[in-house]
Structures are given as C-alpha cells and as structure tokens.
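Single-structure report; data block below.
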Amino acid sequence: KKPTLNKSVKLAGKFSRRLVMKTGVVFPQTEIGADPAAVRDYVQAVEGLGYSHMMAYDHVIGADTSHHENWQGSYTAESMFHEPFVLFGYLAGVTTTLELVTAVLILSQRQTALVAKQAAEVDLLTGGRLRLGVGVGWNHVEYEALNQDFSNRGSRYAEQITLLREFWTKDTVGFEGKYHKVDHAGVNPQPVQRPIPIWMGAGARANPVPTDRVLRRVARLADGWFPQMQPGDDAKATVERLQTFIGEAGRDSSSIGMEPRINLADGDPELWQAQANAWQEMGATHVSINTMRAGLSSPQDHINAIQQFKEIIS
C-alpha cells in the first residue's frame with residue numbers, strides 16, 4: 001500500500017541530503033488516455049509542481065500479437081502512444097518552462113531530414129525547450145511498416161546523429177555518407193538551440209546492461225544518456241566503463257549528462273529516495289519518475305503520484 005500524501009510529507013523530513021539532480025517525470029503514454037484536456041491538465045500539473053522536464057516514449061505502431069508467434073516485446077497494438085513531436089507541438093502552447101524530452105525517439109526507423117525538421121520546429125515553438133533522446137529500438141514489425149531496414153539500424157544511427165547536427169548548425173548542408181546524401185539543402189526555420197542536445201538510450205528492459213559497443217557510441221556522439229538498469233554494482237561498473245570510453249574519445253565526462261528512471265511500482269518512498277541518492281553518487285545529472293505499470297487508473301492518479309514523489313525527492 002502506497003503512503004498517503006501527508007505521510008509522504010513526513011517521510012520527506014527524514015532525508016536531509018538535498019538532491020542536486022534535475023527532476024522530471026515520464027509521460028504516462030499507455031495510461032493517460034486520448035482526451036486532449038486530460039493530457040493538458042497532466043502536463044500543466046507537472047510544470048506547476050516544479051518539475052524541470054517531462055519525457056515521452058515513442059512507438060509509431062504496435063503489433064497484433066495474435067499474428068506474431070512468440071512475441072516478446074513490451075508493447076503491442078493495444079498499447080496507446082501519443083506521437084512525441086505532435087504531442088510536443090501541442091504542449092508548446094500550454095506550457096512555458098517545462099523541458100520536453102523524447103526518451104527515446106526510435107531514430108533509425110525515421111527519415112533523418114524529417115526528424116531534423118520536426119525537432120527544429122518543436123524547439124522553435126517551445127523557445128528552446130527540446131531535448132532529443134534517441135535510440136535504435138527493438139520492434140522489427142514497426143521497422144517493416146515504416147519501410148526501414150531493421151538489420152543495419154545501429155550503423156545508420158550513428159550517421160543520422162552526425163547529419164542531424166549538420167542540419168541544426170548550418171543553413172544548407174552538403175553531405176554524403178554511407179546511408180544519406182544531401183545535395184546542398186537545409187532546414188528552415190532553424191531551431192533555437194544550435195544544435196539541439198542529443199541524448200542516447202543505452203540498454204533495454206530485457207538486457208539493461210549495455211554492451212561496450214553501445215557505450216563507445218555514447219562516448220563518441222552523445223550529449224547525455226539514459227541508463228535502463230537499477231542502481232547497484234552493474235550500474236557502477238557501467239558508469240566506470242563509460243567514463244573510460246569518454247576519455248578514450250578525448251571528451252570531458254562532465255560534459256555528458258546521465259538520466260536514470262525510478263519506477264513508482266518498484267517500491268515505497270524510502271526506496272525512491274535510496275535509488276535517487278545512489279544515482280546522484282554515480283554522477284547522474286537528471287532523474288525521472290515513471291508512474292506507469294503501478295496500478296494507477298486515471299490521469300488524476302498519475303498527478304497524485306508525481307505530487308507524492310516530488311514531496312520525497314526534492
């Protein structure tokens with residue numbers, strides 16, 4: 001049983017160490033519903049509670065598992081997802097300070113120039129409040145439907161990130177790589193942030209510890225990353241490996257952010273605080289609370305949950 005808000009306020013007083021990480025929430029994609037007013041009210045509550053940012057997951061379509069044997073993915077055709085760029089365009093008009101974060105946009109299944117255009121537009125309309133988290137995904141059915149190659153998604157991904165930054169920092173781009181050719185063309189209007197920060201997903205729910213190949217990619221290309229694991233020995237070892245790779249890439253580790261997630265469903269407020277402290281000790285710059293899969297039945301329940309979390313993690 002989760003504690004009441006009054007009990008949460010009392011519990012907050014038990015923790016004297018103040019967190020310096022930026023605190024955000026995960027938009028409850030699969031549980032928020034399709035009512036635009038409910039979406040608006042939830043996000044305005046996030047901003048009103050003093051959260052610095054909100055992140056949204058991404059899936060364009062879901063698979064009908066009755067036609068796919070041995071399905072192992074986390075989401076299906078029954079899982080509802082608002083499209084992040086369209087959602088953020090809507091939220092640009094109803095928020096003023098909240099940073100909007102994709103975490104993560106499945107970049108390799110999307111056209112790079114179109115992502116550059118959409119991201120620039122969101123960044124412009126929000127006054128520079130977009131952080132673009134990207135990943136390679138896992139859903140081969142989704143890739144097929146979007147007419148993109150699932151097998152080479154990792155190698156294309158690195159080239160996409162390079163090209164995105166070209167689009168956001170140059171009025172016109174001349175680019176020829178292995179997977180892309182741009183013959184002196186550009187995105188107009190340009191974003192406020194030139195370039196928009198690009199953060200990378202690393203690991204997955206089924207395999208949360210990322211490989212060296214993934215971490216080296218983060219070290220070379222990312223402005224920040226999203227670990228998928230719980231704090232502990234594996235997480236510490238992963239952070240240490242990444243710091244080594246960042247040094248090998250000739251970069252300063254302090255310039256690369258880190259944002260883990262805390263799942264409401266994993267435990268009580270003492271656990272949330274313990275996890276937040278553990279991540280802060282490992283150098284996390286941001287942390288977010290995920291209220292999905294916690295048995296909440298309405299948008300208001302999600303608002304109540306993030307209010308409770310804010311009382312504890314401050």
Flag, side chain of E47 to backbone of T97, donor-acceptor distance under 3.5 Å: yes
pair I161-L107: side-chain heavy atoms closer than 4.5 Å: yes
By salt bridge (Lys or Arg N to Asp or Glu O under 4.0 Å) - contacts of E83 (at least two apart): R110
Spacing of CE belonging to M54 relative to CG belonging to L91, to within rounding of 0.5 Å: 5.0 Å
Is Y51 reaching over with its side chain to a backbone N or O of I306, donor-acceptor style, under 3.5 angstrom? yes
Cut-off 3.5 Å, no hydrogens considered: what does the side-chain donor-acceptor table look like for residues 215-224, sequence neighbours left out?
{"from": "R216", "atom 1": "NH1", "to": "E248", "atom 2": "OE1", "distance (Å)": "2.9"}
{"from": "D223", "atom 1": "OD2", "to": "R165", "atom 2": "NH2", "distance (Å)": "3.1"}
{"from": "D223", "atom 1": "OD2", "to": "I198", "atom 2": "N", "distance (Å)": "2.8"}

Across all chains, not counting sequence neighbours, the ring pair (Phe, Tyr, Trp, His ring centres under 6.0 Å) partners of H140 are none
4.5 Å side-chain heavy-atom contact, L296 and L264: yes
Looking at side-chain heavy atoms only, is the closest gap between E31 and D301 below 4.5 Å? no
Do I106 and W71 sit in the same hydrophobic cluster, where Ile, Leu, Val, Met, Phe, Trp and Tyr count as joined when their side-chain heavy atoms come under 4.5 Å apart? yes
How close do W138 and S74 get, heavy atom to heavy atom, and via which atoms? CH2-N, 3.6 Å
Enclosure of K117 NZ (heavy-atom neighbours >12, cutoff 6.0 Å): yes
Minimum side-chain heavy-atom gap R156-R153 below 4.5 Å: yes
Decide whether S253 and Q243 meet the rule of one side-chain donor and one side-chain acceptor closer than 3.5 Å. no
Can you tell me if E281 and N277 form a side-chain donor-acceptor pair at under 3.5 Å? no
Taking ring-ring contact (aromatic ring centres under 6.0 Å, His included) as the cut-off, I'd like each qualifying pair that reaches into residues 283-310, sequence neighbours left out, listed once. H53-H286, W199-H286, W272-F309
Do Y57 and T30 have a side chain donor and acceptor closer than 3.5 Å? no
One should read off an interatomic distance between L105 CG and M55 CE, to the nearest 0.5 angstrom, of 13.0 Å
Q228-R261 side chain donor-acceptor pair, cut-off 3.5 Å: yes
Restricting to salt bridge (Lys or Arg N to Asp or Glu O under 4.0 Å), what partner residues turn up for D212, sequence neighbours left out? R241
Ignoring hydrogens and geometry, is there a side-chain-to-backbone donor-acceptor pair from T285 to M258 under 3.5 Å? yes
When you measure from the side chain of R129 to the backbone N and O of L100, does any donor-acceptor pair fall under 3.5 Å? no
One should read off an interatomic distance between I303 CD1 and Q308 CD, to the nearest 0.5 angstrom, of 14.0 Å
I'd like to know whether NZ of K310 has more than 12 heavy-atom contacts from other residues, nucleotides or ligands below 6.0 angstrom. yes
Consider only side-chain heavy atoms of I, L, V, M, F, W and Y, link residues closer than 4.5 Å, and tell whether L130 and V94 are in one cluster. yes
Does L87 reach the side chain of V43, with side-chain heavy atoms less than 4.5 Å apart? no
Can you check whether L271 reaches Q275 side chain to side chain, under 4.5 Å on heavy atoms? yes
Check salt bridge (Lys or Arg N to Asp or Glu O under 4.0 Å) between K236 and all other residues, then give those that pass, not counting sequence neighbours. none
In Å and rounded to the nearest 0.5 Å, what is the CE to CD distance from M282 to E240? 10.0 Å
Grouping I, L, V, M, F, W and Y whenever their side-chain heavy atoms are under 4.5 Å apart, do V134 and Y179 come out in a common cluster? no
What ring-ring contact (aromatic ring centres under 6.0 Å, His included) pairs are there with at least one residue in residues 149-169, not counting sequence neighbours? Y143-F150
Is any side-chain heavy atom of P210 closer than 4.5 Å to one of T238? yes
Checking E259 against S288 for the side-chain contact (heavy atoms from CB on, under 4.5 Å) test, could you report, in this order, the C-alpha distance in whole Å, the side-chain angles of both residues, the deciding distance, and whether it holds? CA-CA 7 Å; E259 178 161 7; S288 56; 3.3 Å; yes
Could you work out, with salt bridge (Lys or Arg N to Asp or Glu O under 4.0 Å) as the rule, every residue matching E99, not counting sequence neighbours? R131
Within one Ile-Leu-Val-Met-Phe-Trp-Tyr cluster: V214 and L242, side-chain cutoff 4.5 Å: no
Neighbour count above 12 (heavy atom, 6.0 Å) for D252 CG: yes
Running the 4.5 Å side-chain criterion over Ile, Leu, Val, Met, Phe, Trp and Tyr, what cluster does V192 land in, apart from itself? L124
So how far is it from I313 CD1 to I262 CD1, rounded to the nearest 0.5 Å? 5.5 Å
Connected hydrophobic set around I61, excluding itself, where side chains approach under 4.5 Å: V60, L146
Rounding to 0.5 Å, atoms CZ (R40) and CG (D35) come to a distance of 8.5 Å
Could you note down all residue pairs passing ring-ring contact (aromatic ring centres under 6.0 Å, His included) where residues 78-115 supplies at least one of them, sequence neighbours left out? F27-H82, H59-F81, Y75-F81
Under the 3.5 angstrom rule, does the side chain of D123 hit a backbone N or O of Q193 as a donor-acceptor pair? yes
Ignoring hydrogens and angles, tell me if any N or O in the side chain of N290 forms a donor-acceptor pair with the backbone of M292 under 3.5 Å. yes
ILVMFWY clustering at 4.5 Å (side-chain atoms), partners of L125: none
Do any N or O atoms from the side chain of N139 and from the backbone of E142 form a donor-acceptor pair under 3.5 angstrom? yes
Any side-chain heavy atom of V104 sitting closer than 4.5 Å to one from M200? no
Could you state whether V25 and M80 fall into the same hydrophobic cluster, counting links through intermediate Ile, Leu, Val, Met, Phe, Trp or Tyr residues with side-chain heavy atoms under 4.5 angstrom apart? yes
Is the backbone N or O of G133 less than 3.5 Å from a side-chain atom of T102, with the two atoms forming a donor-acceptor pair by type? yes
